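Order of the sequence lines fixes the chain letters, A, B, ..., with proteins taken first and strands second; residue numbering starts at 1 for each chain. All of these numbers come straight from a predicted model, not from anything done at the bench.
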Protein chains: 2
Amino acid sequence: MTGTLDSPSIAERVRASMARFTTTERKAAHVLLAAYPVAGLETVAEFARRADVSAPTILRFVGRLGFASYPDFQKQLRTELDAQSKTPLAKTPERSSAMRDGGAFLNTFAAAVLDNISTTFANLPAAEFEAVVGLLAATRRRVFVVGGRFTDALAQYLSAHLRIVRPGVVHFDGQADNWRDQLLDVNRKDILLVFDIRRYQESLFSLAAKAEARGATVVLVTDQWLSPIARHAAHVLAARIAVPSNWDSSAAMLGLVEALVAATTDRLWDSASDRIAAVEELRRDG
Amino acid sequence: MTGTLDSPSIAERVRASMARFTTTERKAAHVLLAAYPVAGLETVAEFARRADVSAPTILRFVGRLGFASYPDFQKQLRTELDAQSKTPLAKTPERSSAMRDGGAFLNTFAAAVLDNISTTFANLPAAEFEAVVGLLAATRRRVFVVGGRFTDALAQYLSAHLRIVRPGVVHFDGQADNWRDQLLDVNRKDILLVFDIRRYQESLFSLAAKAEARGATVVLVTDQWLSPIARHAAHVLAARIAVPSNWDSSAAMLGLVEALVAATTDRLWDSASDRIAAVEELRRDG
DNA sequence: CCCTGCTCGTAACGTTTGTTACAGGGGCTT
DNA sequence: AAGCCCCTGTAACAAACGTTACGAGCAGGG
């Protein structure tokens, strides 16, 4: 029964024969890989429901993978699960055949991103982080958020979340010229949170300088080399952004933003939970 | 709240009630902990044989743990397996109080994000990734990008980069109503790249369905549970998004997007390098 | 336009599984 | 030393499961 010839892992086999599957079988394949390996450990009916296909399709899927029966398939899945004790990525360092440069590229890229994030969080001063959370949780103060060419997406992402847990969140979007008008609105008790990474933008610098001049508290989220805005910032949070690519990676910075949002939400939970419920209500009606 | 405040993990529960077990039940407990959680995912008969006890003893064992049936026990086991990526921090029992301490919170949060990313990349079908890169590198085709409430930031991020290396990139932003007008412009040779994560948005679904009906190639970037849009998508890329927070994390999804941008840039390098230089020129002048 | 191929879901089948009643057996109490 | 009780495995039951035959639906080719 248990032939001891070590076949490639099921996940690999699925990825390799992705092209051979029919449309619905491919759906099953995606569901399995997305919720690996739990989806395959469920019953056929549950797996089928999860993938929105019929039970026979699941069986044809595992049949095409070379298994004589669904229980056989599950047994193999459990065997792999038992053998694996490393992190999923480290587990697949070299996928030899049928995997072109795509696999290698993805692995090195992922490794760089992971390294960025762990380094970023490891070097993050907890006190500085806490201080920024404290500012974001001060609901009486308004928060203005702005980003650069690529980091503006992060500014938007932060605003979209923060807006739900507290009032007074403004995202400076659009042309830099428009910021000047909104800047008139900024005063002593306000907070300006700026994203700026290398190829630092002059427009952001002048904005931050003016906001500071008006008495606002400036928070800077930047890369490890620190934007010149750091001179005008009360708090600085730095993230790693280098990856083997022509572009920089904002993944670590996004992780940082999400940590800020999570911590702020937690601190404001009493009032935030009501706001979230209210927002959901509005979304349902609208 | 944090979603992890359910009942304690099964492994913990087993260790806690170890004293209450009878002799043979304790045998089952040790076997389960030694081969956790695989032993519990097998059939009752196999579990019994492994522990060298009878099947009813296994049933009495899970009954004493508080489960109404063996399938219930297995379902809980799978849920835990899916939630925590198993090995790394499974031993830290009390994560609930971690929110208090800033440093500990950052560590657990970072660990979750890291795990999401490594799992996402490990389970990513290289062929599917390559196919999407191929689409994005087809400069004659136009690319329409759209996202949901929170993922729209990712759509914007992708657009901002893609727009530099190739022409014909359109970001559907603003109100969903406005999309309809721009949809008229979509035809057979176009590509629609949709971001949609849980609390899947109906507006995105109908947009994707209509785009597919018009003959466009739909690419979906979603979470591990797969948006219903998968039904209309030619290619699906799934990322992990769960973190110990009230919110989901898009960090893994951003890493995925950046990998797409990097690979596409690389493939288009001959033409892209000229474009990038030209864009830089414009920025310097402007 | 009809035909042929393949794909997919419905429904019924047979098997395995989880479950439970019951009786044998070992250990502690009296 | 005998009796009682709590375990524990054997065996029969019922439920759920995996499996398979069949036909509808659809796309490509003649």
Per the side-chain contact (heavy atoms from CB on, under 4.5 Å) rule, which among B:L260, B:V261, B:D266 passes with B:V133? B:L260

When you get a sec, tell me which of D:dT19, C:dG18, C:dT20 is the closest nucleotide to the side chain of A:P71? D:dT19

Would one find a side-chain N or O of A:T24 under 4.0 angstrom from OP1 or OP2 of C:dC8? yes

Between C:dT19, C:dT7, D:dG9, which nucleotide has the shortest distance from any of its atoms to the side chain of B:A55? C:dT19

Would you say the ring centers of B:F205 and B:H232 fall short of 6.0 Å from each other? yes

Could you state the CZ-P distance from A:R26 to C:dT7, rounded to the nearest angstrom? 11 Å

Do B:Y157 and B:E258 pair up side chain to side chain, a donor and an acceptor below 3.5 Å, judged on atom types alone? yes

State which of D:dG18, D:dG9, C:dT10 makes the closest approach to the side chain of B:R60. D:dG9

A:K27 NZ to C:dC8 P: how many Å, rounded? 9 Å

Taking the side chain as every heavy atom from C-beta outward, state whether B:V170 and B:R142 have any atom pair closer than 4.5 Å. no

Rounded to the Å, how far apart are B:F73 CZ and C:dT17 P? 17 Å

Side chain of B:Y70 (C-beta onward), nearest among D:dG18, C:dG18, C:dA11: C:dG18

Closer than 4.0 Å, any side-chain N/O of A:T57 to the OP1 or OP2 of C:dG9? yes

Distance, rounded to the nearest Å, where A:I58 contributes CD1 and D:dG18 contributes P: 11 Å

Report the distance from atom CG of B:L41 to atom C1' of C:dG18, rounded to the nearest whole Å. 16 Å

Under 4.0 Å between a side-chain N or O of B:T22 and OP1 or OP2 of D:dC6? no

Kindly point out which of D:dG18, D:dT8, C:dC8 is positioned nearest to the side chain of A:V44? D:dG18

Take the protein atom CD of A:E42 and the nucleotide atom P of D:dA16, then report the distance between them rounded to whole Å. 17 Å

Using whole Å, what does the distance between atom P of nucleotide D:dA21 and atom CG of A:L59 come to? 13 Å

For residues B:L32 and B:G40, report the shortest heavy-atom separation together with the two atoms involved. CD1-N, 3.6 Å

Write down the distance between CZ (B:F61) and P (C:dT19), rounded to a whole number of angstrom. 14 Å

